[in-house]
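The sequence lines fix the lettering, A, B, ..., with proteins before strands; numbering per chain opens at 1. Heavy-atom basis, side chains included; hydrogens, waters and symmetry copies ignored.
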2 protein chains.
Amino acid sequence: MDEVKVIEIKKSIFDDNDRDADALRSELKKRGVFLLNLMSSPGSGKTTTLIRTIKLLKDKIRVAVMEADIDSDVDARKIKAATGIQSIQLHTGGMCHLDAEMTRQGMDNLALDGVDLVILENVGNLVCPAEFDTGAVRNAMILSVPEGDDKPLKYPLMFSICDVVVVNKIDVMPYFDFDLEKCREGVLMRNPKARLIPICAKSGEGVDAFAEWILGEVAAWKA
Amino acid sequence: MDEVKVIEIKKSIFDDNDRDADALRSELKKRGVFLLNLMSSPGSGKTTTLIRTIKLLKDKIRVAVMEADIDSDVDARKIKAATGIQSIQLHTGGMCHLDAEMTRQGMDNLALDGVDLVILENVGNLVCPAEFDTGAVRNAMILSVPEGDDKPLKYPLMFSICDVVVVNKIDVMPYFDFDLEKCREGVLMRNPKARLIPICAKSGEGVDAFAEWILGEVAAWKA
C-alpha cells in the first residue's frame, strides 16, 4: 500500500502513580488479598463474563467486586443481584481510567476481612487504563470477536501489559472475519507470556478455564 | 435490584482547549473548510465506514482524512489505497484523545487548498475524545450493534455531544440482543437533536444517508 505522512503528536504525563501502585500491592500481599484488574472496550461483555466467573469461584474463595463507570451504577447492581457477593460502584466523574490512588479509594470502601480476591472492572477503554498501574497483582482483558482480530496491532500497550486475554463472543465467530490464530499471534507478539482464553460468556463455554487461571494465581499470591 | 455503595472519585483537568478549539473553527470558517470529528469504540468499523462514505462523496466535494492512532499507520494507508484521497496519520504517542492543538498540528500538515471536508478519525475510545473539543464543526460517532443498545446510558457525554450516531453492523442484529428503538430512545435522551443512521458498512446499506447528511452540513458551513 502507499506511503502516508505520519506526524508524532504527544503530551507528557508525570505523577507518582507507580510508587502508589507498588505500595498498594505490598499492602495487599501482607493482607493476603489478590487484586485483578479487568479491562476491555465498551460492550465486550465484561459484566456478563464476571457474573459467570464469580458463580464458578464463589464457593471456593471469597470474592468482592469494584465496578468502575463514568456515571451509572447498573453494573454493580447486576453483579450483586446475580451473585450475592460484595459489589461496589466507583464513579470516575468522567475520568477514563483508574490510577492506584483511585483504586485505593475503592479498596478502602470494601470490607476486606476474609476476602481472597477483589476484581476491579476498569472503565471500558483500551487506551488509558493501560497507562496507569492500578496496584493490581494481575491484569486481564476481554477482547470480543466483533471488535476484530487486529486489536493487538492497534492497542499495543494494552496487550503488552495483560497477563491473560479472554476472547469473548466466540459463538458469533462465523459472522465476523475473526481469525483466532491471527489474534493469538498478535497477542503473543505484544506479550509472549500472555495466555489466551476463548469463551462465550452468554452460554458459559470456556469460562471454567478463566476461573481456573484465577484460582491458580490467587493461590500463588497467598502462598 | 439491590442497592449498592457508590463512591465518587475524581480528578480535575484545566486547560485552554475550548479557546483553541473556537480559534480553529473560526479559521476553518474563513477558509471554507468543514471539519468532521468521527469517534467510536475500538472495532466499531470506523475505517470501513469511512471508505464507503468517501467513495460516495469524492466526486462531489474534495475530501481529506486525518487518522489518529496510538501507534500504527494501517488506517491511513487503507484509506489512501481504497479511495486515493489525501490521508495522513496522526500518532498520539499513547494519548487517548485529540485536543484542538493536536488537531491543529494535523491540519497544518494537510494541503488544504481546495479541500471542502476534512474527516478526523479520532482515537477508538468512548470516553476521553468526548471531553476535548477538537475544533470540529460537527461530531459524529459510530456505535456498532455488538456493543449493545445500552451504550447511551453508559457513555452519557459522548452521546450528548454527537450530532449524528451511525449504528453500524446492522446485518448481525439477529445474533445480538440489540433493540434499535431502545437505542434511539437512549440517544435522544442524551441529545434530542441527534440524528440516528443505521448502516452496514460491509455491504454499503444506509451509507448514502450518512453521505447526504455530510453533504448538507458542508454546504451549510460554506454558505
Revision key, fill the gap. Chain A shares the most heavy-atom pairs under 4.5 Å, among B:G148, B:P42, B:A130, with B:P42
Exercise for review: Give, for atom OG of A:S44 and atom CD of B:E147, the distance between the pair rounded to the nearest 0.5 Å.
Suggested key: 9.5 Å
Practice item. Would you please classify the geometry between the A:Y175 ring and the B:Y175 ring as parallel, tilted or perpendicular, with 30° and 60° separating the classes? Key: parallel
Practice item. Please look at A:D177 and chain B and tell me whether the side chain, the backbone, both or neither of the residue comes under 4.5 angstrom of a heavy atom of that chain. Key: side chain
Point to revise | Engaged part of B:D171 at the chain A interface, taking heavy atoms whose separation is under 4.5 Å | key: neither
Review point. Can you find a heavy atom in the side chain of B:C128 that is under 4.5 Å from one in the side chain of A:C128?
Key: yes
Exercise for review: Work out which heavy atom in A:V127 is nearest to a heavy atom in B:G124; give both atom names and the distance.
Suggested key: CG2-O, 4.1 Å
Exercise for review: Would you confirm whether B:K154, through its side chain, and A:G43, through its main-chain N or O, come within 3.5 Å as a donor-acceptor pair?
Suggested key: no
